[in-house]
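Working notes, structure below.
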There are 2 protein chains.
Amino acid sequence: MTTRSDAPTRREQILKEAARLFAERGFHGVGVDEIGAAVGISGPGLYRHFAGKDAMLAELLVGISGQLLTGAKRRLAEADGGGPEAVLDSLIEGHIDFALDDRPLITLHDRELDRLRDSDRKMVRQLQRQYVELWVGVVREAHPELGEPAARSAVHSVFGLLNSTPHLGRGGSLPGRGATAELLHRMARGAFAAAGG
Amino acid sequence: MTTRSDAPTRREQILKEAARLFAERGFHGVGVDEIGAAVGISGPGLYRHFAGKDAMLAELLVGISGQLLTGAKRRLAEADGGGPEAVLDSLIEGHIDFALDDRPLITLHDRELDRLRDSDRKMVRQLQRQYVELWVGVVREAHPELGEPAARSAVHSVFGLLNSTPHLGRGGSLPGRGATAELLHRMARGAFAAAGG
DNA sequence: CCTTCAGGTTAACGACCGCTAACCTCGCTG
DNA sequence: CAGCGAGGTTAGCGGTCGTTAACCTGAAGG
């Protein structure tokens with residue numbers, strides 16, 4: 001809602017570069033001067049846009065978790081009626097799109113959560129939990145033989161599988177985006193199917 | 001070879017606690033005073049055992065990569081003759097054991113690699129690459145329909161799946177170690193099977 | 001034209017961190 | 001028992017980092 005297709009706002013530039021740097025070198029491994037330099041301003045100029053370094057990370061993580069949950073809810077509403085298999089496919093597709101298009105964010109999302117202030121961390125965890133529970137519900141509909149703990153473990157494991165995309169790009173010889181997405185999708189479905197006896 | 005079943009040596013204590021702390025808060029997020037305090041000595045006392053903080057991380061990462069590769073080679077030699085399916089099962093089992101028993105190390109292994117000196121990083125990457133290629137070979141024997149790039153991507157993704165164990169333990173309601181290992185094993189096999197058409 | 005204000009700048013402060021220096025204290029061992 | 005080395009200790013140095021303070025500038029608006 002706040003983002004139109006205009007030129008990206010300064011805040012958005014900063015967030016994007018901060019995400020990349022945090023993902024590459026870790027939150028504590030990046031200085032504010034580097035973040036500033038990445039957007040062409042220097043160091044303390046960032047404080048005209050954010051209250052501090054922590055605030056950047058918080059906005060990134062809350063944003064990621066919210067986007068994932070919102071997208072999942074939308075897909076659940078849209079694809080319903082096609083049966084749980086279709087809904088699960090849509091969830092998988094959405095998560096893969098996110099993992100392929102925003103690799104730094106996916107990396108941050110399960111790596112730097114503990115660097116947040118208590119209130120922010122609580123919010124992010126709540127969003128993440130809702131996202132997981134949404135998946136668990138759909139997975140159990142598509143695979144009724146799975147108990148709830150097994151389904152939840154399976155969901156976390158498939159997230160690990162789908163979030164492995166940052167490790168795929170190191171050498172340049174990977175297949176195209178479409179082929180990668182298809183491969184990941186098939187593997188996720190196979191993993192869920194095999195999770196039951 | 002250097003470790004007998006005696007009481008752990010001071011160096012080993014330090015490495016273990018450092019691994020836990022690095023995994024929890026990131027390499028740059030942990031101070032040497034904290035590592036010292038975790039083993040009952042304080043701060044600079046660590047320098048009687050290690051050249052510096054970097055050296056601890058280096059020894060951890062090289063050790064992990066070496067252990068994984070050595071174990072995989074041994075399992076390849078032992079389980080051969082039982083066919084590629086049996087070898088693959090053994091590799092999966094070994095990786096799961098490692099992921100379940102040494103969660104902090106598994107976390108560090110793909111998170112703090114970039115904090116190493118060039119020479120150490122090169123060595124770790126070489127060990128990791130050998131480990132991956134060993135898997136790729138076995139996977140392609142067990143699933144001949146997979147091309148090499150697809151097989152390599154599939155291996156990385158299954159690593160992501162198996163390495164998701166740190167995310168499973170947050171709530172205490174997960175099933176026992178054996179059940180978790182079985183679930184992960186089935187999912188890994190299912191993912192590989194589904195990677196081909 | 002004067003004011004205002006968003007969005008920059010540089011200087012500098014205080015805290016922290018990795019590491020070294022200097023010193024102490026045991027338990028061996030010749 | 002003298003000596004010594006392994007393994008600690010505390011004090012402190014030098015550098016870095018996040019943040020603030022003080023100042024500057026150019027564009028918008030009455």
Side-chain angles (χ1 to χ4, degrees), chain A residues 2-4 6-61 108 112-121, chain B residues 2-4 6-61 108 112-121:
Chain A
T2 65
T3 67
R4 302 197 64 73
D6 299 339
T9 212
R10 197 25 53 110
R11 271 183 71 91
E12 292 166 339
Q13 287 181 47
I14 295 171
L15 285 175
K16 183 182 161 192
E17 295 301 312
R20 184 178 56 81
L21 290 167
F22 289 161
E24 282 175 8
R25 302 214 281 285
F27 179 68
H28 291 296
V30 181
V32 290
D33 291 356
E34 294 178 83
I35 303 174
V39 297
I41 73 182
S42 217
L46 295 171
Y47 288 75
R48 299 289 167 192
H49 304 276
F50 294 92
K53 200 182 155 193
D54 300 351
M56 299 180 209
L57 183 64
E59 187 156 329
L60 283 170
L61 292 185
L108 285 184
E112 307 283 358
L113 180 60
D114 301 319
R115 265 53 107 196
L116 256 49
R117 287 192 359 257
D118 276 21
S119 62
D120 293 322
R121 185 171 57 248
Chain B
T2 64
T3 66
R4 303 195 64 74
D6 299 339
T9 208
R10 187 51 22 126
R11 272 183 70 91
E12 291 167 338
Q13 287 182 47
I14 295 171
L15 285 175
K16 183 183 163 190
E17 295 302 313
R20 182 179 57 80
L21 289 167
F22 289 161
E24 281 175 7
R25 301 215 281 284
F27 178 68
H28 292 297
V30 181
V32 291
D33 291 357
E34 294 178 83
I35 304 174
V39 297
I41 72 182
S42 217
L46 296 170
Y47 288 76
R48 300 289 168 192
H49 303 276
F50 294 93
K53 200 181 155 194
D54 299 350
M56 299 180 209
L57 182 65
E59 188 157 328
L60 282 171
L61 292 186
L108 285 183
E112 306 285 356
L113 181 60
D114 301 319
R115 264 55 105 196
L116 257 48
R117 287 192 358 256
D118 277 20
S119 63
D120 292 324
R121 185 171 57 248

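Chain A is the first sequence line, chain B the second, and so forth, proteins listed ahead of strands; every chain is numbered from 1.
Put simply, NE2 on B/His28 and CZ on A/Arg115 are 11.0 Å apart, with the number rounded to the nearest 0.5 Å. Taken from CZ in B/Arg11 to CZ in B/Arg48, the straight-line distance is 14.5 Å, to the nearest 0.5 Å. Taken from CG in B/Leu15 to CZ in B/Arg10, the straight-line distance is 12.5 Å, to the nearest 0.5 Å. Summarising the geometry, atom CZ belonging to A/Phe27 is positioned 10.0 Å from atom CG belonging to A/Leu108; distances are rounded to the nearest 0.5 Å. Note that CD1 of A/Ile41 is 4.5 Å distant from CG of A/Leu46, once rounded to the nearest 0.5 Å. Put simply, CG on A/Leu60 and CD1 on A/Ile14 are 11.0 Å apart, with the number rounded to the nearest 0.5 Å.
Within residues 45-57 of chain A, the residues that have a heavy atom under 4.0 Å from DNA chain D are, in order of number, A/Tyr47, A/Arg48, A/Gly52, A/Lys53.
Taking 4.0 Å as the cutoff to heavy atoms of chain A, we find the contact window on DNA chain C bounded by C/dG7 to C/dA11. Think of the region where chain A sits on DNA chain D: with heavy atoms and a 4.0 Å cut, that region ends 5' and 3' at D/dG18 to D/dC23.
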Side chain to side chain contact (heavy atoms under 4.5 Å, CB included) between B/Ile35 and B/Leu21, intermediate numbers included: CA-CA 7 Å; B/Ile35 304 174; B/Leu21 289 167; 4.1 Å; yes
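Within 4.0 Å (heavy atoms only), A/Val39 reaches no atom of the nucleic acid at all.
Judged by distance alone, the side chains of B/Ser119 and B/Arg117 do bring a donor and an acceptor atom under 3.5 Å apart.
The two residues B/Met56 and B/Ala18 come nearest to each other via the heavy atoms SD-CB, 4.5 Å.
Contact check for B/Glu17 versus B/Arg20: side-chain heavy atoms found under the 4.5 Å cut-off.
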